[in-house]
Amino acid sequence: MKLSHTALVRAPRSRVWKLVTDVPAAARCVPGVAAVTPSGTGKYKGSLLVQLGPVRLVLDGDVALTATDEAAGKASVRADAKDSRLGGTVRATMDLALVDKGEDTELRITSDVRIAGRIGEFGQPVIQRKADQLMTQFAECLARTLA
Amino acid sequence: MTLAKSTLPDILETPEWRVEGRDKVTGAARYAADITRPGMLHAAFVGSPFPHARVASVDVEAARKMPGVRAVLTGADVRPARFGRRLQDWPVLAWDRVRFIGDRVAAVAADTVEAAERAAAAIAVEYEELPAVFDPEAALAPDAPVLHPDAAEYTYLGGTRPPRSHANMQGHVVHEHGDVTAGFEAAAAVFEHEFVVPRVHQAYIEPRASLVWIEGDTVHVVTTNKAPFALRDQMAVTIGVPAAKIVVDTPHVGGDFGGKGLSLDEFALYFLARATGRPVRSVLRYADELQLSNTRHAARIRLRTAVDPNGRITAHQGRVVFDGGAYAAGKPVAGLLPGGPTLTLAGYRVPAARVEAVAVYTNTLPAGHARAPSQPQHTFAAESHLDLIAHAMQIDPVELRVRNAIRAGETDVEGNVWHDSQAQRVIATLLAASQWGGTVGLDHGRGVAFSARHVGRGKTSLTLTLAADGSLEVLTGVADQGGGAHTMIQRVVARELGVDVARVHVRRGDTGHANVDPGVGGSRVTPVAGNAAVDAARKLKARLGELVLTLDDAARTAAPLAVTGEGEQNEHVFGTYAYSVEVSVDRATGCFRVVDAVLVADVGTVINPVAVRGQLEGGFVFGLGQAVMEELRLDDGRVTTTNLGDYKIPTIADAPSLRLVLITDAPGPGPFGAKSAGELANPAVGAAIANAIDAAVGARVMSLPITAEKVRAELAKREGYAPTSPDGTADSTAGRR
């Protein structure tokens, strides 16, 4: 499933770059993330709690910064997670691009998300809505943190 | 003849009561998932998250130690067991390679469903992803990844697998008759169009369920499979147990619509039952039904037709590409294509034709049979194509069909000569019933679609026993999948013997007790099992004649008296039918509504009047769902419509009124002149609606399902304005005329 999100962060690009490429710091802006710990160069372990209607998913997994190009303002993140209670895996590849917008920065995130097993059965509208919600809150949090 | 002439009214004139009706409405009827055994375990499976991957390792240690777990099996434990209805290409559990998302790699048997599922979730599988292919045309490229490199090992049941020119082909067939080149050269006009039909699910209410146990050296199977004898024979090959040592029992089936001829779980359950010594059951969740089972094939259909100046077809070419999914296991026919793969212009005279059909492996869930295999795809294409031809040649669409509909003695698109045809009568009846040519309201339009479906062929037998109490018992292997088969048999026997229907009891037997039957399907039950019922009744009458006894005297003095009735139907006979559908279309939104529908169907003699109506009305609504709302959507091989909220099927609120006109006086080869009805109505609905929408507002939709969005997009193209953007900024009234 391909998702794309755009958000305007009221801070200069260099500051936004610093924050989004600091995985533990950026992760604090994702609602439901708990305990992100380094597990190697550019690699982290963490867990994300997601509430989908009446269902609570706990996604445990790995996050890795797979590519960074500060000059171009581009970074790639790969996340692999598993929910062992309900059964299912999520694999997401996210490409981040930061674009100068005067004094502000536009954050563009294109994600390719593969969901397998039971948690993939929620139906795309539900997943899309949840992803939109997480992304909006993520961007708002980034803006707050940098304010 | 010693039988008294019946004074009863003709049974066939009286609406029937279903043999199983009381049990079904009171909840007494038992379905496969209702059946339990002492000590029964429950199964759960582990499916692949990748569309194409090598299975590097499967770690079951943690799962084996979990409470309540009795057995955990992987591909290594079942190798080389594969299953399938004709080609056994689907591993019971994958041991080296998975080919679609959900392809199973491990199975668990545990005390409860929950324990089995917890254990399945604890199995760790390592995969190495392989390049996947989702588009059938891409799968036919010379350098496409090969899905089945080990195809030479596969068992093909009943003969030799037909040759293929590409490793990713499941089946490939070319039909040719007449001088196609000359037909095109002599043509006044040639038309070519391409149509797309998506994957759809049969959407029966009851998910697949099965229970397997081993008693002594006999394997017992309770299943939702509608063809128990065929399952027994397939299973014998897959598990290596002689067919005589396998007993398959199919209780009432909660809906089939062509999908329940393929079993998925029974084979793995056998291995689990063998490993544990206990009965093991599996009931599929509906989400798995939508992700694993044999859907109708998606198809891309290109039709090219040559016509003379009067619109008469002189030659026809077709190329049909079916998306077969990861396995061909769901296809029962010899060519490993869905049935009737080259029937691209059903019911028309086609002097010369060349039609090529291919079913292709892709890394998606396997496709198989669904009510009238191939025909909804073909009829949508053919009847849209003919309407486009009529429009271009300025011939009334019904008149074009009159000019081309097949008459007795003429040859159809598959090169078969029809010895009888009611096609002209069906169309003439439709003209009158629908008042074709009359005026319709603003933005209303009418569409017509005509088609044909063969009367089922095959062979079966059943036994009829006269008991001492005077009752008559029929023992049949025909499963009850809801079509009314047992009631049909009861009424045929009662009518032939001139007795009250209440005196005839129909009992279904498992494969250990009943005579061999090919299973419900292919519009076969009434013409084949019905003929066996007639034969049984006639044999009993002959026996009574020899004994010079009446039925009642024989019951008292000679019972039990048993005879075997044989039924066979191999004639190439077609039933034809036609729809007229009226729609109203909202030009601003593309929304449309069916406001009236007329169906004329040539069904021959009616045995079950209520069931015939049910089959035709149900077929219409089934066809309507697939015409305007259903699509099993996939995203990189993963089904995204995994529940009946996302995969929409029609409810009664979606069903418009349908007027039904039956032609019953042209006898067919079934009992008392019956034909078939079960697959007669659904295929032509899509084209009738597409044609009606085009007639209403000039928007031609070339793919199913026909949605408001597609109608709106066609209107926009035609009228040269941009459709409303999702945020609603464009002027939504711009398209109004």
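For clarity, every value in this text was computed on a predicted model and none was experimentally measured. Labels below follow one simple rule: chain letters A, B, ... track the order of the sequence lines, proteins then strands, and each chain is numbered from 1.
B:Thr640 touches chain A through backbone and side chain together, each having a heavy atom under 4.5 Å away. At a 4.5 Å heavy-atom cutoff, the contact between B:Arg285 and chain A is made by side-chain atoms alone.
Top candidate by heavy-atom pairs under 4.5 Å with chain A, chosen from B:Glu129, B:Arg633, B:Arg118, is B:Glu129.
Here the side chains of B:Pro51 and A:Arg114 are in contact, with some heavy-atom distance below 4.5 Å.
B:Arg638 places a side-chain N or O within 3.5 Å of a backbone atom of A:Ile115 that can act as its donor or acceptor partner.
Counted within 6.0 Å of NZ on A:Lys130, heavy atoms from surrounding residues, nucleotides or ligands total more than 12; the atom is thus considered enclosed. Sparse packing is recorded around CZ of A:Arg56, with 12 or fewer heavy atoms of other residues, nucleotides or ligands lying under 6.0 Å away.
Under a 4.0 Å N-O distance rule, the pair A:Lys2/B:Asp636 qualifies as a salt bridge.
Of the residues B:Thr641, B:Thr642, B:Val639, B:Leu290, the one that meets the side-chain contact (heavy atoms from CB on, under 4.5 Å) test with A:Glu121 is B:Thr642.
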